Amino acid sequence: MLHLDLDAFFAAVEQRDKPSLRGKPVVVGGVGGRGVVSTASYEARRYGVRSAMSTREARSRCPHAAFLSGRFHAYREASRAVMGLLRSVSPLVEPLSLDEAFVDLQQADLPDLEVATVTAFAEELRGRVTEATRGLTASVGVGTSKFIAKVASDLDKPDGLVVVPPGTEQDLLRPMHVTVLPGVGPATAERLRRAGIHTVAELEQVDLDELVRLVGKAHGGGLFQLARALDDRPVVPEREAKSVSVEGTYDTDLTDRKLMEGLLTRQAGEVAARLRKSGLSGRTVSIKVRLHDFTTLSRSSTLGSPTDAAGTIARLARSLLTDLDTSGGVRLLGVGVSGLADWVQEDLFGDTAEEEPELPEIEIPHHSRRTWAPGMDVEHDELGRGWVWGSGRGVVTVRFETATSPAGPVRSYAEDDPALRPWTPEPAPEDE
DNA sequence: TCTGGGGTCCTAGGACCC
DNA sequence: TCTGGGGTCCTAGGACCC
């Protein structure tokens with residue numbers, strides 16, 4: 001089994017496409033008051049900036065970093081190139097996210113699976129990934145299972161390769177902390193710690209009954225196996241989506257119920273649009289509400305038949321909000337649909353569904369999407385392609401450079417200057 | 001103005017059914 | 001005369017992953 005992980009993926013794509021950021025700290029993530037870091041470049045990690053850290057803290061640790069809000073079209077494009085390359089090597093490829101995948105090497109065209117053979121193959125593959133992505137690097141791990149491959153890819157980051165020879169798995173794992181096991185996060189680690197279990201070696205000494213008592217049935221059984229390096233999970237190339245959701249955290253807490261209803265309505269519309277785009281519909285509509293104190297509530301309701309209609313989802317979402325006490329303020333709202341079916345209910349009455357959201361556009365004071373997000377691609381009538389360095393007080397600052405034409409000028413414009421437009425790539429061919 | 005967004009899976013209780 | 005035993009569906013919450 002091979003596991004491939006692109007190094008500091010989002011930040012690396014930014015450095016590739018913005019030559020002035022190469023070798024410099026780059027932080028990609030939410031740039032608002034309540035944003036968190038998605039990816040920090042290795043230069044930023046030297047200052048202690050980490051994924052999932054609040055952007056506020058990242059700014060205080062590394063004020064001179066470039067803070068960018070992310071360009072998912074570019075990440076998707078790079079990801080497609082990598083996944084395509086992997087699929088050319090083995091039909092059994094399981095993407096875990098845009099930047100990670102498992103590859104079943106038994107289905108690849110290799111003369112054998114000896115360590116030397118696999119090592120040479122993986123090295124070549126890493127090189128081809130760098131070519132296919134015009135310069136991104138990948139860390140790769142190879143082992144006798146998904147679990148071991150994944151642990152291995154982490155051992156020599158960035159730009160590394162580790163092949164774990166068969167038979168050496170337990171020697172590798174035993175000294176490691178229990179959090180290397182997939183499924184052991186902070187809560188489980190704390191339970192185990194209270195039972196005096198810190199390392200995989202210690203976990204291995206715990207019998208199954210005790211483990212089930214500590215962490216529950218399903219989880220306990222899994223950990224018992226993983227602690228012994230037993231993992232026969234297959235590579236699953238395609239999996240069906242089980243839910244579709246949209247959520248948002250707002251820079252200031254919401255208190256106005258009408259505004260909340262307006263936001264839920266808008267989110268319902270986005271969920272419906274995504275359902276339709278994938279030819280899906282679902283029976284269960286859920287909302288998620290995070291209060292000012294971070295307590296998180298959810299409410300759901302199941303319909304008799306699946307829907308992808310914005311109006312239906314919106315009405316249900318708003319009605320689910322009514323029994324919640326939001327008087328202390330709401331920091332997050334979300335709408336989701338689950339219980340998905342890949343078909344839509346026949347319209348027995350022959351009506352064409354009307355899909356106008358029944359609430360008028362609502363003026364949303366603090367939460368409107370920034371038109372000029374830092375890092376976004378723009379195009380100027382005279383100066384061509386560039387990216388937004390910063391914006392505010394009615395002014396946008398643009399650095400004119402691309403991956404292939406670095407060292408352009410930096411200019412500032414009025415936010416409503418008609419010569420300046422967001423740049424979006426040609427829409428990708430429909431294939432998903 | 002600590003704490004994103006998109007997901008998956010599990011648990012536990014109650015309803016309901018045979 | 002006490003209170004079966006599954007199974008499935010639904011809801012709410014929580015842990016975890018990238």
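In what follows, chains are A, B, ... by sequence order, proteins preceding strands, each numbered from 1. Please read these numbers as outputs of a predicted model, since none were measured by experiment.
Among the heavy atoms of the strands, none lies under 4.0 Å from A/L98.
In this structure, A/R46 forms no cation-pi arrangement with A/Y42, as its terminal cationic atom is not both closer than 6.0 Å to the ring centre and no more than 45° off the ring axis. With a 6.0 Å cutoff to the six-membered ring centre and a 45° limit on the axis angle, A/R228 counts as a cation-pi contact of A/F224. The cationic atom of A/R59 (NZ for Lys, CZ for Arg) lies less than 6.0 Å from the six-membered ring centre of A/F67 and within 45° of the ring axis.
Remark: C/dG13 base-pairs with B/dC10. Criterion, Watson-Crick or G-U wobble with two distances under 3.5 Å.
If you take CE of A/M53 and P of C/dC18, they are 18 Å apart, rounded to a whole angstrom. Rounded to an integer number of Å, the gap from A/K242 NZ to C/dC17 P is 18 Å. When rounded to the nearest whole Å, the span between CG of A/L320 and C1' of C/dC10 equals 13 Å. In this structure, the CZ atom of A/R331 is 8 Å from the C1' atom of B/dC2, given to the nearest Å.
Classification of the A/F10-A/Y75 ring pair by plane angle, with boundaries at 30° and 60°, yields parallel.
When the C1' atom is used for both C/dG4 and B/dC17, the distance is 14 Å, rounded to whole Å.
Nearest-nucleotide positions on DNA chain B place A/H292 closer to the 5' end than the other of A/R239 and A/H292.
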